[in-house]
A.B. asks: 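Pasting in a structure now, in C-alpha cells, and then I'll have a few things to ask.
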There are 2 protein chains.
Amino acid sequence: MTDALSLHPPARRQPAIRQGNASAVLRAVLAHGSAARSEIAAATGLSAVSVGRQVTDLIGAGVLRELSPVGAELGRPRVPLEIDLHGHRVAGIHIGLHRSSLGVTDLRGNLLRRIELTHDSTEPRPILEQAAQAVETLPERPIGLGIAVGGWVQPIDGTVVENDALGWRNVEVGTLLRERTGVPVWVESNVRAMALAESWLGGGSQAASLAYLFVGNVIGAGIVIRRALHRGPQGAAGAIAHVPLSDRGVTCQCGREGCFQALASDAAVLARADELGLDGTRDLAGLIAIARGGNTQAQGLLRRRARHVGEGVALLIDLLNPELVVLAGSGALDAPEYLKDLRQEASAKAHTDFEAERLIVPSSFGADAIVVGPCGLVLDAVYQRPTELIHPRPARRLSA
Amino acid sequence: MTDALSLHPPARRQPAIRQGNASAVLRAVLAHGSAARSEIAAATGLSAVSVGRQVTDLIGAGVLRELSPVGAELGRPRVPLEIDLHGHRVAGIHIGLHRSSLGVTDLRGNLLRRIELTHDSTEPRPILEQAAQAVETLPERPIGLGIAVGGWVQPIDGTVVENDALGWRNVEVGTLLRERTGVPVWVESNVRAMALAESWLGGGSQAASLAYLFVGNVIGAGIVIRRALHRGPQGAAGAIAHVPLSDRGVTCQCGREGCFQALASDAAVLARADELGLDGTRDLAGLIAIARGGNTQAQGLLRRRARHVGEGVALLIDLLNPELVVLAGSGALDAPEYLKDLRQEASAKAHTDFEAERLIVPSSFGADAIVVGPCGLVLDAVYQRPTELIHPRPARRLSA
DNA sequence: CGCATTAGTTACTTTCCGAAAGTACCTTTC
DNA sequence: GAAAGGTACTTTCGGAAAGTAACTAATGCG
C-alpha cells in the first residue's frame, strides 16, 4: 500500500487548527506592520476570542509584543501588536567558493549582523566546522539556522547532492550542522532561499506567487507559488540557465547556441568586452565604471545584457504569470540604469500584458540578499508553524 | 486594512478539519482503487474511529460503497470500500468553434456518455442555451457541470474574458449556466481543465505536480502544483505558444521568429507540407496517412514536429521539474510513432536528468480528454471538499 | 469449543473554536 | 464630576471534531 500522505495534504487534527490559526494571526501582524487584536480578527476572519488566545500564546513565546495603547475617537483604545524584534534571533549562512557569509536577523528579517568567513580549502568539513563555530560564538543563540548553497540541494534531509564549484557530492550539510550546533537547520539552494525571503519579507509580501531571477556569474530562477517554494521532485525547478533566447551566435559551455547563461552571465558579458578590446574590464564593476564614464561600447554591452535578461523575464511571465518578478544579482542590481531596457524588452517579448514597473522589481535586499535568503528559510518555518519552533511559555498578560 | 485572507490560507475552523479529513479518506480510496477502513486509517494516519465516521458519512452521501468482505489469512475480514460508480453523475462541456461536446462521467471520471452539439452561430446565448438544454435532457441530473473553453478565462466567477476564435468578450458563462440549469458550474480554460483531470484521474494520480502540454492547432500548457492548478493572477500561466525554440527561419503571426507555435502547430506543419508540394494534406490526418504510406518527406515533417515539441517539453522540465509531463493534441496522440523522437529531443535539450519513458507520457484519455477535462473540474471539487457538493443523508449502516 | 487475531464500533476524554456575557478604558453629555 | 455610551478585550460555557480505551464482530486454528 503506497503512502497517500506524500501525495496529498495530510489529515488534519485539532493541533493543526491551532497552529494554522497562530500562523494566520502572526502573518496578519507581519502584513500590517502592527495590528491590534480586533484588526487581526477582522483580517483573518477569526473570532475576537480566538485571536486573543493566539496572541496570548504568541506573546508568551516571545514572538509578538504589545505596544502602548492607541486611543481612537471613541471607545477603549486598541493595543497594537508587533513582531517582537528583540525576542529571538535567526541565523543564515551562505556558503560560497572562497568565503561564506553569516547573517543574523530578527523575526522580521532585519539584518542585525553580518560576518564574513573566508576559507582557502573547499573541503566540506572545515567549512562547516567554521560555520558552526561562528554560530556558536554569536552572543545570542539563534532559534534556527538556514543554509544556502549553490548547486543541487535536496532540502528534505538537507543534503548537497552536487555542487561543481565546491566539488561537493552528497554532503549531508543539514545533519552535520544540526548535530554540531544543536540548532534546527534548513538547507536550500541559494536562489530558492532568496526567493522565499523575498516572498515573505521583501516586495513579495503582498504576492502569493513570485518568480525570482538571479543573474550573476550563474543564472537561476526560484519559483514561489501559493507562498511555498516549488522545488520539483529532484529539486531542479528553476533551471533557466540554458533555455535558448532569440539571440544567437554565442556557443554555451553546454554545447548549444544562444543559452540564456551564455549570453547574459557576468562571464559572458566580460568575455564579450574582452573581444571588443575594452580595457579595465577585469570584473563587471570595471565594465560598469567604464560605461558610466561614457564608453558607448561598454554601454551597449550592458544594455544588450539587460535586454537578454528581459527576454528571460518574459519567458517566466508567460509561463508562470507570477504576481511579481524579483531580480537579483549583478545583472539587475549593479547597474540599475539599465532596468528600463530590461523592462522594455520583457514587455515587448512577453505575450501577457502587464505594467512593467509594478511587476518587475529589483530585490529589496540588494547585496544582503545572500544572507537574508537563508534566514528566510527559518522565518518561513516560524511564520507557517509558529508553535513548532518556539514553544510558548505559560503566558502571562503583559499590559500594565 | 487590506485583506490577508486572499494572500494566505484562511483561518481554520472545525468544519474545515472535517472536510479535509473526508477529502483525505476519499482520496485514499481513489488512490488505491478500493480500500478497507483499516487500510485508509493506515494510509491517512487518521484513527480508525475517525475513518469510520467519515466513511459512514460518505456512504450516506452516495460517494463510497461497501464491497463484500474479503477474508484475510487471519482475523475478521476487511470490508473494502470503493468510489460509488452508480451514485452520482458529473457533466462537462467543451465549447468549441463549430461544435461543443458534452460528457458525463461517474465519480471516478469514467466517461459514460458523450454527446456532440453542433452550432453554426458563435453567439454565446444560443450556444449556452443549447448546452443547458442538453444537460437538462440527461436522464440523471449531474451534481456539477464543468465548462472548458479556449482563450482567456477568469475562473473565479466563470467569465470568458476573451476568446478570439469565438469572438467572445466578457461572457459570463458561469453565471448564465448556473442560473439556467441550477447546477453548480465551474469554468476553466480547456488546457487547464484537461491538466487537472489528468492529475486526478490519469497518469498523474501518483504525482503531486504535473505539466500538461497541448499541441494542436494552438499550443498551451497547464501547470498543476501540489494538486492544484496554477493559473496566475490574470489566469495567463502556461502561455508557452510563443517561446522561441532553437530552430529559426519561420516567422510567427506575432511577428517574431521561431515561436513554438509557429513551428509546431497543426497549421504550421501543414503549411510546411504545402510548401513542399505534398498532396492530400488538407489536414494532419492526411499527412500522417501519407507518412505511414512511406513518404519520407511527410515522415520528416512529422519527425521534425515531434522534435520541436520535445524541445518545448525540455523547457517545461527545466523550468518546473514536474513529476510528470502529459502530452495531448494531435502533436502527441495522432502519430504516436514519433513519441520516441519527441522524448529523445526532450532528453537531449533538457539539463535535468530523467527517464523519458516514465516522465513524458501521452494523455491517458486520448480523444476523450476534451470532455473528461471539464468533468475533472467538478471532480476536483468533490475530492477536495466532498461534503460541500454532496450533502450526507442521515447515514445508515449498509453492511448486512 | 475456546483462543488468537484482525476489523470495526461505542463510550468517554481532550482540544479546539465561537457566542454570550462580563470587564476595561475611553469620550461625550448633562 | 457622575452617568451614559462605545469600542477593545477577556472569561465562561457549549458544540464539534478527533483521539483513546474498551468493547463487539468475524474469522482460522488447535
Side-chain angles (χ1 to χ4, degrees), chain A residues 1 10-25 34-60 64 66-81 386-387 392 395-400, chain B residues 1 10-25 34-60 64 66-81 386-387 392 395-400:
Chain A
M1 189 157 186
R12 305 195 186 296
R13 297 100 206 262
Q14 256 127 351
I17 300 195
R18 188 68 201 262
Q19 193 147 70
N21 287 345
S23 167
V25 167
S34 78
R37 290 168 179 78
S38 57
E39 295 171 302
I40 297 170
T44 57
L46 288 168
S47 70
V49 182
S50 195
V51 170
R53 275 188 289 248
Q54 303 289 359
V55 166
T56 309
D57 278 11
L58 288 170
I59 289 174
L64 289 183
E66 286 190 332
L67 300 176
S68 23
V70 171
E73 296 80 42
L74 213 59
R76 175 175 170 176
R78 300 172 167 184
V79 182
L81 299 154
T387 50
R396 180 177 328 286
R397 296 280 293 104
L398 292 189
S399 42
Chain B
M1 189 157 186
R12 303 196 188 295
R13 294 102 205 260
Q14 258 128 348
I17 300 195
R18 187 69 200 263
Q19 195 147 69
N21 287 346
S23 167
V25 167
S34 77
R37 290 170 179 77
S38 56
E39 294 171 305
I40 297 170
T44 58
L46 290 168
S47 71
V49 181
S50 194
V51 170
R53 277 190 286 246
Q54 303 288 359
V55 165
T56 309
D57 278 11
L58 288 169
I59 289 175
L64 289 183
E66 286 190 331
L67 300 176
S68 25
V70 172
E73 296 81 41
L74 213 58
R76 175 175 171 177
R78 300 171 167 183
V79 182
L81 300 154
T387 49
R396 184 174 324 287
R397 293 282 294 107
L398 291 188
S399 42

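Residue numbers begin at 1 in each chain, while the letters A, B, ... track the order of the sequences.
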A.B. asks: If I take atom CD in residue A/Gln19 and atom P in nucleotide C/dT15, what distance separates them, rounded to the nearest angstrom?
C.D. replies: 16 Å
A.B. asks: Reckon A/Ser50 has a side-chain N or O less than 4.0 Å from the OP1 or OP2 of C/dG18?
C.D. replies: yes
A.B. asks: Please determine whether a side-chain nitrogen or oxygen atom of A/Arg37 lies at a distance below 4.0 Å from atom OP1 or OP2 of D/dA8.
C.D. replies: no
A.B. asks: A side-chain contact here means heavy atoms from C-beta on lying under 4.5 Å apart; do A/Arg37 and A/Glu66 qualify?
C.D. replies: yes
A.B. asks: Return the value, rounded to whole Å, for the distance between atom CG of B/Leu81 and atom P of C/dG8.
C.D. replies: 8 Å
A.B. asks: Determine whether B/Leu46 and B/Asn21 make a side-chain contact, defined as any pair of heavy atoms from C-beta on separated by less than 4.5 Å.
C.D. replies: yes
A.B. asks: Hey, does the side-chain of B/Arg53 have a donor or acceptor N/O within less than 3.5 Å of a partner on the base of D/dA18?
C.D. replies: yes
A.B. asks: Could you tell me how far apart A/Arg78 (CZ) and C/dA24 (C1') are, to the nearest whole angstrom?
C.D. replies: 16 Å
A.B. asks: Among D/dG19, C/dA20, C/dT6, which is the nearest nucleotide to the side chain of A/Val49?
C.D. replies: C/dA20
A.B. asks: Just compare D/dT27, D/dC9, C/dG8 and give me whichever is closest to any side-chain atom of B/Ala36.
C.D. replies: C/dG8
A.B. asks: Please confirm whether the backbone N or O of A/Gly52 pairs with a side-chain atom of A/Thr56, one donor and one acceptor, at under 3.5 Å?
C.D. replies: yes
A.B. asks: Is there a side-chain contact between B/Ile40 and B/Gln54 in this structure, where contact means two heavy atoms from C-beta onward sitting under 4.5 Å apart?
C.D. replies: no
A.B. asks: Taking atom C1' of D/dG15 as reference, at what distance in whole Å does atom CD1 of A/Ile17 sit?
C.D. replies: 13 Å
A.B. asks: I need the CD-P distance between A/Glu39 and D/dT7, as an integer number of Å.
C.D. replies: 14 Å
A.B. asks: Assign each of A/Ala48 and A/Leu74 to its nearest nucleotide of DNA chain D by heavy atoms, then name whichever residue's nucleotide is nearer the 5' end.
C.D. replies: A/Leu74
A.B. asks: Here's a test of your reading of the structure: between A/Pro77 and A/Ala22, which maps to the more 5' nucleotide of DNA chain C?
C.D. replies: A/Ala22
A.B. asks: Output the rounded distance in Å from CD1 (A/Ile40) to P (D/dT10).
C.D. replies: 11 Å
A.B. asks: Got A/Val25 and A/Leu58 here, is their nearest side-chain heavy-atom distance under 4.5 Å?
C.D. replies: yes
A.B. asks: For D/dC9, does OP1 or OP2 lie under 4.0 Å from any side-chain N or O of A/Ser38?
C.D. replies: yes
A.B. asks: Report the residue (A/Val51 or A/Gly75) whose heavy-atom-nearest nucleotide on DNA chain C is the more 5′ of the two.
C.D. replies: A/Val51
A.B. asks: In terms of side-chain heavy atoms of A/Arg76, which of C/dG8, D/dA8, C/dC17 is nearest?
C.D. replies: D/dA8
A.B. asks: CG of A/Leu46 versus P of D/dC9: gap in Å, rounded?
C.D. replies: 15 Å
A.B. asks: Between atom CG in B/Leu67 and atom P in C/dA7, what is the gap in whole Å?
C.D. replies: 16 Å
A.B. asks: Indicate whether OP1 or OP2 belonging to D/dA17 is found under 4.0 Å from a side-chain N or O atom of B/Asn21.
C.D. replies: no
A.B. asks: Applying a 4.0 Å non-hydrogen cut-off, can you work out what A/Gln54 is touching in the nucleic acid: base, sugar-phosphate, or nothing?
C.D. replies: sugar-phosphate
